[in-house]
Trainee: 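Here it is: the structure, laid out below.
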Amino acid sequence: MIVALDGPAASGKGTIGRRLAAEFGIGYLDTGAMFRVVGRAALDAGADLDDAEAVLKVAKEIDLDDQSDPRLHDAETGQAASRVAEQRVVRGLLLEAQRAFANRPGGAVLDGRDIGTVVFPDADLKFFITASTAARAARRAAQLREMGATVDEAELAKELELRDNRDRQRAAAPLRRADDAILLDTTHMSIDAAFDTARRHMARRLEELGCA
Ligand code: DC
């Protein structure tokens, strides 16, 4: 079973995706982390982020699965990830790895921006998880504070919006809801409640597919 989870930054899709995969015992892939690894490596290599070939060269030389660098979670890396994600050749490289990951017994849950529209347009189940910018900034701030960081929530909201606008407006695989994706707006919903709704949809879908 392939489950696609798309939506803007910090909408809760990572938490929901991880929990769904654990609950049903299938694989989980955070595709945003792959773009972050490429963005970080491109910054470290001093590559021009608008130069598709230069970024592709960097991307081919690194291990996309090595997500141990703590800087991967920072705003600078998030912006770089969003910029390298505009390049079709970079997306092509990552898309292959994403499809290969999901080709495993039981399938996988993948979270990103274009999973239900481009990577797996025929996914068995699709969600589009969203929330207001203020709610997303507040949630991300709470996570960062828990990790001991000092945060400016207004600054964080601006950073999220800048990234979302770029992700929505780019020509290659822009962030958008697939027509057949279930919309989960978590603005006034706890992540626990959103997870529970997603879990029930997934259990029903597994039953329909005869896998339950
Ligand atoms: O999910 P995230 O915030 O870690 O993603 C970082 C950036 O990567 C995001 O701003 C856009 C890009 N991205 C993408 O273009 N396509 C995906 N499937 C996942 C992420």
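Position 1 is the first residue of the sequence, and the numbers go up from there. Just follow the structure's listing: the first ligand is 1, and inside any ligand the first atom is 1.
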Trainee: Which heavy atom of V37 sits nearest to which heavy atom of Q67, and what is that distance?
Mentor: CG2-CG, 3.6 Å

Trainee: Relative to F195, does R19 satisfy both conditions: NZ or CZ under 6.0 angstrom from the six-membered ring centre, and within 45 degrees of the ring's axis?
Mentor: yes

Trainee: Tell me, please, whether F101 has R99 positioned over its six-membered ring: NZ or CZ under 6.0 Å from the ring centre and within 45 degrees of its axis?
Mentor: no

Trainee: Please verify whether a non-hydrogen atom of Q79 lies at under 4.0 Å from ligand 1.
Mentor: no

Trainee: Using a 3.5 Å distance criterion without hydrogens, assess whether the side chain of T186 forms a donor-acceptor pair with backbone atoms of S11.
Mentor: yes

Trainee: Identify, for atom 19 (C) of ligand 1, the protein heavy atom at the shortest distance, and state residue, atom and that distance.
Mentor: T31 OG1, 3.4 Å

Trainee: Considering heavy atoms of the protein only, find what lies nearest to atom 7 (C) of ligand 1 and give residue, atom and distance to 0.1 Å.
Mentor: A81 CB, 3.7 Å

Trainee: If you have a sec, work out which protein heavy atom is nearest atom 6 (C) of ligand 1 and how many Å separate them, to one decimal?
Mentor: R163 NH1, 3.5 Å

Trainee: Starting from atom 4 (O) of ligand 1, locate the nearest protein heavy atom and write down its residue, its atom name and how far away it is, to 0.1 Å.
Mentor: R36 NE, 2.6 Å

Trainee: What part of M34, side chain from CB on, backbone N/CA/C/O, both or neither, has a heavy atom under 4.0 Å from ligand 1?
Mentor: neither

Trainee: Please check whether D30 reaches ligand 1 - meaning an N/O of the residue sits under 3.5 Å from an N/O of the ligand, judged on distance alone.
Mentor: no

Trainee: To which protein heavy atom is atom 16 (N) of ligand 1 closest, and what is the distance rounded to 0.1 Å?
Mentor: R91 NH2, 3.0 Å

Trainee: With distance as the sole test, does E53 use its side chain to make a donor-acceptor pair with the main-chain N or O of V89 at under 3.5 Å?
Mentor: no

Trainee: If we only count N/O pairs under 3.5 Å, is D111 in contact with ligand 1?
Mentor: no

Trainee: Any chance you could measure K126, atom NZ, to I115, atom CD1, to the nearest 0.5 Å?
Mentor: 11.0 Å

Trainee: Could you check atom 12 (C) of ligand 1 against the protein and tell me its nearest heavy-atom contact, residue, atom and distance included?
Mentor: A85 CB, 3.8 Å

Trainee: With a 3.5 Å distance limit and no angle check, can you tell me whether N165 reaches the backbone of E161 through a side-chain donor-acceptor pair?
Mentor: yes

Trainee: Under a 4.0 Å heavy-atom limit, does R166 contact ligand 1 with its side chain, its backbone, both, or neither?
Mentor: neither

Trainee: Can you see whether R71 engages T77 through a side-chain donor-acceptor pair at a distance of less than 3.5 angstrom?
Mentor: no

Trainee: Counting non-hydrogen protein atoms only, what is the nearest one to atom 8 (O) of ligand 1? Give residue, atom name and distance.
Mentor: F35 CB, 3.4 Å

Trainee: If only side-chain N and O atoms count, and only distance matters, is there a donor-acceptor pair under 3.5 Å linking D66 with S68?
Mentor: yes

Trainee: So is Q98 close enough to ligand 1, meaning a heavy atom under 4.0 angstrom away?
Mentor: no

Trainee: Which is it for R113 and ligand 1 at heavy atoms under 4.0 Å: side chain, backbone, both or neither?
Mentor: both

Trainee: Going by distance alone, is a donor N or O of one side chain under 3.5 Å from an acceptor N or O of the other, for S82 and R166?
Mentor: yes

Trainee: Please write down residue, atom name and distance for the protein heavy atom closest to atom 10 (O) of ligand 1.
Mentor: D167 OD2, 2.7 Å

Trainee: Is it the side chain (CB and beyond), the backbone, both or neither of R170 that lies under 4.0 Å from ligand 1, heavy atoms counted?
Mentor: side chain

